[in-house]
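See below for the structure under consideration.
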Amino acid sequence: MKHVIEGSHAISEAVKLARVDVVSGYPITPQTHIIEAISEYCANGEMKAKFIPVESEHSAMAAVVGAASTGVRTFTATSSHGLALMHEMLHWAAGARLPIVLGEVNRALGPGWNIWMDQSDSLAQRDTGWIQLYCENGQEAMDTTLFAFRLAELVNLPVMVVIDAFFVSHTFEPVAIPEQEHVDDFLPPYEPRIALDPDNPFALFQMAPPNVYMEMRQSIHRAMEHTLDIYHEVENEFDAVFHRRYGMIEEINCENADIILVTTGSATSTARQVQMDMEKQGERFGILKIKTFRPFPGKAICNALQKAKKVAVLDRNFSFGSGGIFAQEVKGALQVLSQGPVVFNYIAGLGGRDITPDIISEVYLKTRDRDLPPCGSEWLGTSPRDEN
Amino acid sequence: MQTLNISDVDFAEPGNMSCPGCGASIAMNLALKALGQDTILVIPACCWAIIAGPYPMSSLKVPILHTAFPSAAVTASGVRAGLDMKGDTKTTVVAWAGDGGSFDIGIQSLSGAAERNDDIIFVCYDNEAYMNTGVQRSSSTPYGSRTTTTPGQGWKKTRKKNMIEIMAAHGVSYAATANIAYPEDLIRKFKKARELKGGTRFIHVYATCTTGWGAPSEYAVKIARLATRCNLFPLYEVEDGITYTLNEKGDTPVDAYLNLQGRFKHLSLEDKAGIQNQVDKDFAVLKNKLSVC
Ligand SMILES: Cc1ncc(C[n+]2csc(CCOP(=O)(O)OP(=O)(O)O)c2C)c(N)n1
Ligand SMILES: [Mg+2]
């Protein structure tokens, strides 16, 4: 049955349905609703779990690292400065190969304080060894959270479920909330690979000298590659129970397109409308939505884009001194083609600015009307430069 | 010769990576005798992260979860929560951190766990500096010490943070100081802490580092004993933040303690008199708390 709920609560509901054992939480806008709802479920007995109201996000991640090391299912959520503060423990969780699921609401970082949509927070955690899955709407947030537990426990890597600040987190939408028995069919009880146990003492996550460290790192890399291999299969399992799937990427009219727009998150929904309008006008316009940022499905992306003449990557994030982060990754993936499409990179919607249909149209037209991209990325919708 | 009434069952292997005369190693050996097999240790970055051994070895016979430097207490809270969900009530979860991991970078997490009254024992083994990284000052380093970040004339001019009072002020059921030179007292306190399950318990263990303090390794226990005999490190217990019990009364001048250690070598007679004065005042304050109850 569909319920009208906000995106944050789609994640909270999924955490409840996933029968998570230990949840830690620390408030930060726009994530707070996720952990508030979970703490309520724990308080009123709807959820049989321990909720630890920690004193910082660094501790939020440390708490679930501790709990997951006993072999139970764990969750926490954060955003922006909270994720930045967690950074050390994100490395710890991935290096420890713990299948923790993190709800992450994309928000800008200060200064100045800005609580609105921006992907810089999660993308700055690119190299921590976390799987990152980006969601377009409330339903996808719900489904991806359930999916994340299964995936994490299969590959022994932590998973970040990422939603847009406000556009998804605070937007009420009809969301199909699955029945508990269906969730139980899809997500069996967690069977940990390792668990702390005084009857079988061993040391976990201890000093790893040069003779062993590199192999440990390589095993994380292999787990990421394995994730690419089994993703489709896990989606089949999900689809069999819930009749929905998203793919690591979604191709919208890519087969027939000269120009493909690459999007992520809720901006994809806006782009879908513009794409339909443009297609009606005879434009050969496609969209590639990227859901999985880590592991990066480079091969699949390359296949989807290779026939296009031009690719326009819309980045709601920026790597100072370089460019949009998805654009860098897409360019990297296309390197294997001898004559691939040219890649344009547009920056828009930072710090909560809207990505309107007009901006999407502008991206399309600017790409269509030029043969080659300028050097570097192009910022859209910013006011003229103040020369002082 | 007096024989100590201490169990000869060990949960520490005879060999480990510590320096000769390591007080922290003695502290662990004694603590585990009291805590027993049903213990899970959480160890952040500190000397003990090394002493416990590199992958795939372990110098202890109980499980160890290594965690990041700031996070000993809350990682232990997480372990406790996981065990609770599994219905394991018999295991004691112990965070084992150095003074840096307790007084400094670890204090936020420790204070958080204590305020939530998470069911863990937090042990600070105190060697009064960041020893793992080569003897840098911490907020536990006492007035007068030279360390590698308080060198020469820049020796430490501020006092050691009063950690047990901070922890007692959280109102935890049990906060106690202990000393490797008083093994029976130490073991009794760890047993008591283990028994008082249900909330946060804090034990502050004085643990000589002869390497960092500039003393011969055979003086490790002697120096530790003098710290208590001189009332520099009084042995006492605080229950519920209210009831104070003093376990040892010192009567020795601080010179006896200071003169054995290179880290205090530069101090003038006047400096030492100042330290004695401060120790006397602090001890008077502590004695006042005893008379309150
Ligand atoms: C966030 C972070 N900062 C710094 C370090 C480096 N570091 C490792 S151990 C240590 C000092 C530990 O001192 P203490 O807690 O007193 O334990 P000890 O080494 O003296 O036993 C430091 C600074 C680290 N591991 N993590
Ligand atoms: Mg120390």
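Proteins come first, then strands; the chains are lettered A, B, ... in the order of their sequence lines, and each starts at number 1. Being a predicted model, the structure only gives us computed values, none of them experimental.
- Distance check: A:Glu55 CD to B:Leu110 CG gives 9.5 Å after rounding to the nearest 0.5 Å.
- With a threshold of 4.5 angstrom between heavy atoms, A:Val64 does not approach chain B through any atom at all.
- A:Met61 does not touch chain B: none of its heavy atoms, backbone or side chain, sits under 4.5 Å away.
- The side-chain heavy atoms of B:Arg80 and A:Thr70, taken from C-beta on, include no pair separated by under 4.5 Å.
- Proximity to chain B (any heavy atom under 4.5 Å) is restricted, for A:Ala195, to the side chain, taken from C-beta onward.
- A:Met216 contributes atom CE, which lies 5.0 Å from atom OH of B:Tyr55 (distance to the nearest 0.5 angstrom).
- Looking at heavy atoms from C-beta onward, B:Leu65 lies in side-chain contact with A:Phe205 at the 4.5 angstrom threshold.
- Test B:Ile40, B:Thr92, B:Val62, B:Leu83 against A:Pro198 for side-chain contact (heavy atoms from CB on, under 4.5 Å) and you get one pass: B:Ile40.
- Looking at A:Gln206, its side chain never comes within 3.5 Å of a backbone N or O of B:Pro56 through a donor-acceptor pair.
- Contacts from residues 20-36 of chain A to chain B, taken as heavy-atom pairs separated by less than 4.5 Å, involve A:Asp21, A:Val22 in sequence order.
- Proximity of a side-chain donor or acceptor of A:Lys50 to a complementary backbone N or O of B:Gly82 within less than 3.5 Å is not detected.
- Within the 4.5 angstrom heavy-atom criterion, atoms from both the backbone and the side chain of A:Ser56 approach chain B.
- Atom OG1 of A:Thr74 sits about 12.0 Å away from atom CE of B:Met85, to the nearest 0.5 Å.
- There is no contact between A:Asn200 and chain B, counting heavy-atom distances below 4.5 Å.
- Contact of the A:Leu204 side chain with the B:His66 side chain is not registered, since no non-hydrogen atoms from C-beta on lie closer than 4.5 Å.
- Rounding to the nearest 0.5 angstrom, the gap separating the CG atom in A:Leu196 from the OG1 atom in B:Thr91 is 9.5 Å.
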